[in-house]
Amino acid sequence: MELQWPLILFTTLLAWCAGTFATQAYLALKGKGESIQMPAWIASVVLLAVGGIAVFFHLQHWERIFNGFGHLSSGITQELIAIVVLAVIAVIYLAMIRRNEGKVPSWLAIAAIVVSVVLVVVMGHSYMMEARPAWNNILWIVSLLGASCVLGPATVATIAAIKGEDASDLAMPALIGAVINAVASVAAGLSVGAANSALTDVGYYFDLTHPTMELLSPELSAFSGASALPMILGVIIIGAICPIVAAFMGKKSGNWKMWGPIAVVCAVIGAICLRVVFYYAGVSMFMFY
């Protein structure tokens, strides 16, 4: 199956948006970072808007988009609700920033963090399908949360450095987020191979002309075929190791103007490559009923 770039960009950008919004809310909860609240808010809104625009290119008939919002159990409906709720919280957040010169009440900061997490979870859950065993895994959600954990602190730390503000409060969250992202991303990538080896029973599906053929092809894994390069180079080296190194160096040197963008770019590349791996190694794993 061909790569669905609109969906790949949508999930990556919204995870980035949620991480950025939650990180600035974290600073607000600590009573710090008033001067970077507005640029961080703008960054998160731009990411949300670009991600929302990207997903439209996945639709062949835009005029039929509302046909997908017919019931609450639909993944696209749940995503829309989560996005609308986040947008409402973001508007209230903006009003508070403007009225209180960057200060945000604790209840609103907590609400921003909660809705950001919920958006990522809902978005990840909508891609968990029984018909695609490699995707029907909680690690798909965890990997998106991991991306948010590193992209949010690294982005806000970069904004703080550009404005000449102290980013030390974000140093440890960025480093911890980079480690969480590395573990989650590699585990999610490896889960593709685990799903492949675990679902080779003939009982689920068989071809009438080849009744003994296995359900899944044994060569489908994250480290074979077209998945090998994006998994090894993109997910593990660039997406997992490099953000940890960048976050560590940023924490050690305090130079987030240099190391922050490196962490962000590498984490984005890793997040995109992980979704490429899932398409290459996961979409062929069907279960028919």
Side-chain angles (χ1 to χ4, degrees), residues 1-20 47 50-51 54-55 57-58 120 123-129 132-155 158 174-175 177-196 217 219-248 259-285:
M1 181 178 178
E2 65 179 288
L3 298 174
Q4 301 298 311
W5 283 109
L7 297 181
I8 292 174
L9 294 176
F10 170 71
T11 53
T12 302
L13 292 176
L14 258 67
W16 190 356
C17 160
T20 303
L47 290 167
V50 175
V55 78
F57 288 93
H58 178 67
V120 176
M123 180 175 62
H125 182 265
S126 68
Y127 292 88
M128 293 174 61
M129 312 171 190
R132 302 183 190 272
W135 289 9
N136 194 26
N137 191 317
I138 192 68
L139 290 175
W140 175 247
I141 296 176
V142 174
S143 70
L144 287 170
L145 288 171
S148 297
C149 286
V150 63
L151 286 171
T155 299
T158 300
L175 181 57
V179 173
I180 293 174
N181 174 66
V183 174
S185 298
V186 174
L190 293 176
S191 72
V192 175
N196 181 29
S217 175
E219 69 271 7
L220 288 175
S221 75
F223 295 100
S224 65
S227 302
L229 184 61
M231 180 65 192
I232 297 172
L233 179 61
V235 177
I236 297 177
I237 297 177
I238 297 178
I241 298 176
C242 289
I244 293 177
V245 174
F248 175 79
W259 294 107
I262 293 176
V264 170
V265 171
C266 291
V268 169
I269 292 174
I272 291 175
C273 286
L274 179 60
R275 280 136 195 82
V276 169
V277 169
F278 269 58
Y279 272 98
Y280 277 154
V283 295
S284 297
M285 300 180 185

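Hydrogens, waters and symmetry mates are skipped; everything else that's a heavy atom, side chains included, is used.
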- [ ] Identify the heavy atoms of Ala154 and Ala174 that sit nearest to each other, and give their distance.
- [x] N-CB, 4.4 Å

Open item on the list: Could you check whether any side-chain heavy atom of Val264 comes within less than 4.5 Å of a side-chain heavy atom of Leu151, counting everything from C-beta outward?
Closed with: yes

- [ ] Might you point out which heavy atoms bring Ser191 and Asn137 nearest each other, and give the distance in Å?
- [x] CB-ND2, 3.5 Å

TODO: State, yes or no, whether a side-chain contact exists between Asn181 and Cys149 at a heavy-atom distance under 4.5 Å.
DONE: no

Open item on the list: To the closest 0.5 Å, what do you measure between CG (Leu9) and CG (Leu14)?
Closed with: 11.0 Å

Task: For Val150 against Pro243, the heavy-atom pair lying closest together - done: CG2-CB, 4.2 Å

Open item on the list: Return the OG1 to CH2 distance between Thr12 and Trp5, rounded to the nearest 0.5 Å.
Closed with: 9.0 Å

Task: Ala184 versus Ser143, closest heavy-atom pair with distance - done: CB-CA, 4.0 Å

Task: From Leu229 atom CG to Cys273 atom SG, the distance as rounded to the nearest 0.5 Å - done: 8.0 Å

Open item on the list: Between Pro230 and Phe278, is there a side-chain heavy-atom distance shorter than 4.5 Å?
Closed with: no

Task: Least distance between heavy atoms, Leu139 atom then Ala187 atom - done: CD1-O, 3.5 Å

Open item on the list: Measuring from atom CD1 of Ile238 to atom CD1 of Ile236, what distance do you get when rounded to the nearest 0.5 angstrom?
Closed with: 11.5 Å

Task: Main-chain N/O of Ile8 paired to Thr11 side chain as donor or acceptor, under 3.5 Å - done: yes

TODO: Identify whether NZ of Lys or CZ of Arg in Arg275 sits under 6.0 Å from the centre of the six-membered ring of Trp140 and within 45° of that ring's axis.
DONE: yes

- [ ] Check whether any side-chain heavy atom of Ile262 sits under 4.5 Å from a side-chain heavy atom of Trp259, and report yes or no.
- [x] yes

Task: Main-chain N/O of Ala15 paired with Ser148 side-chain donor or acceptor, under 3.5 Å - done: yes

Open item on the list: On a heavy-atom basis, which atom in Leu274 and which in Ser185 lie closest, and how many Å separate them?
Closed with: CD1-O, 3.7 Å

TODO: Enter the distance from Ile244:CD1 to Ile180:CD1 here, rounded to the nearest 0.5 Å.
DONE: 10.5 Å

- [ ] Output the distance between atom CE (Met123) and atom CD1 (Ile141), rounded to the nearest 0.5 Å.
- [x] 10.0 Å

